[in-house]
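Computed from heavy atoms alone, side chains included, the values below leave out hydrogens, waters and symmetry copies. This chain uses plain numbering: 1 for the first residue, then up along the sequence.
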Amino acid sequence: ALGNKQAKRSKVVLELDELQAELDSMQQLVHRLRHHFSVGLLNELDYKNQLNQCKKRIDEITSSINQAKKRLLGEEKQN
């Protein structure tokens with residue numbers, strides 16, 4: 001039973017690592033988009049469309065991170 005709990009916790013930790021890496025990547029993309037728009041490399045429509053897609057994905061990732069953290073806390077409380 002202990003090994004099973006540890007395996008579940010390990011899986012959630014790995015999931016959190018992947019989600020955090022994806023979040024970091026999306027935040028970098030937003031930064032680059034803003035820079036490219038500010039120096040005139042992107043038109044306003046493309047900038048706004050891409051920025052909205054990024055923000056939507058960031059919200060999804062953030063929600064997934066919060067859910068995974070709750071699962072991890074639930075696992076720890078059971079121990």
Side-chain angles (χ1 to χ4, degrees):
L2 181 60
N4 190 29
K5 287 181 183 180
Q6 189 174 15
K8 285 182 182 179
R9 185 177 11 189
S10 182
K11 185 177 178 181
V12 174
V13 169
L14 289 173
E15 179 185 352
L16 278 167
D17 287 345
E18 289 177 11
L19 288 166
Q20 188 61 53
E22 187 178 357
L23 181 61
D24 293 346
S25 176
M26 293 304 297
Q27 289 170 334
Q28 276 187 328
L29 178 55
V30 167
H31 178 76
R32 286 194 307 268
L33 287 170
R34 287 183 175 145
H35 173 72
H36 290 154
F37 179 66
S38 71
V39 298
L41 292 174
L42 292 175
N43 67 44
E44 188 172 359
L45 181 61
D46 288 341
Y47 167 72
K48 286 183 177 181
N49 285 340
Q50 189 66 34
L51 190 63
N52 286 336
Q53 288 179 14
C54 287
K55 286 182 177 183
K56 181 181 175 190
R57 184 63 190 134
I58 286 171
D59 289 344
E60 292 169 352
I61 296 167
T62 302
S63 176
S64 294
I65 286 173
N66 290 335
Q67 291 172 8
K69 284 181 178 179
K70 286 178 185 175
R71 286 198 313 274
L72 191 61
L73 287 174
E75 289 290 323
E76 289 174 359
K77 286 180 182 177
Q78 290 176 5
N79 291 337

Nearest 0.5 angstrom please: [X] [atom1] to [Y] [atom2], how far?
{"X": "Q53", "Y": "L29", "atom1": "CD", "atom2": "CG", "answer": "10.0 Å"}
{"X": "K55", "Y": "L51", "atom1": "NZ", "atom2": "CG", "answer": "4.5 Å"}
{"X": "L33", "Y": "L41", "atom1": "CG", "atom2": "CG", "answer": "11.0 Å"}
{"X": "L23", "Y": "Q28", "atom1": "CG", "atom2": "CD", "answer": "10.5 Å"}
{"X": "I65", "Y": "L72", "atom1": "CD1", "atom2": "CG", "answer": "12.5 Å"}

Checklist entry - Counting distance only, does the side-chain N/O of S63 pair as donor-acceptor with the main-chain N or O of D59 below 3.5 Å? => result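 Here the side-chain-to-backbone pair does not exist.
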
Item to check | Joint hydrophobic cluster, L73 plus L14, side-chain heavy atoms closer than 4.5 Å | outcome: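 No; tracing contacts between hydrophobic side chains, which count when under 4.5 Å, never links both residues.
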
Next on the checklist: Taking salt bridge (Lys or Arg N to Asp or Glu O under 4.0 Å) as the cut-off, I'd like each qualifying pair that reaches into residues 30-45, sequence neighbours left out, listed once.
Outcome noted: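 Residue pairs passing salt bridge (Lys or Arg N to Asp or Glu O under 4.0 Å), neighbours aside: E44-K48.
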
Checklist entry - Does one side chain, of Q20 or D24, offer a donor that lies under 3.5 Å from an acceptor on the other? => result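 Checked: Q20/D24 side chains pair up, N/O donor to acceptor below 3.5 Å.
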
Checklist entry - Do you know the tightest heavy-atom contact between C54 and V30? => result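 Looks like CB-CG2, 3.6 Å.
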
Next on the checklist: Consider side-chain contact (heavy atoms from CB on, under 4.5 Å). Of M26, Q27, K56, which one does I61 pass it with?
Outcome noted: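 Of the listed residues M26, Q27, K56, the side-chain contact (heavy atoms from CB on, under 4.5 Å) partner of I61 is M26.
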
Checklist entry - Can you list every ring-ring contact (aromatic ring centres under 6.0 Å, His included) pair that touches residues 6-46, not counting sequence neighbours? => result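 Only F37-Y47 qualify under ring-ring contact (aromatic ring centres under 6.0 Å, His included).
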
Item to check | All salt bridge (charged side-chain N to carboxylate O under 4.0 Å, His left out) counterparts of E60, not counting sequence neighbours | outcome: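 Checked E60 against salt bridge (charged side-chain N to carboxylate O under 4.0 Å, His left out); matches are R57.
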
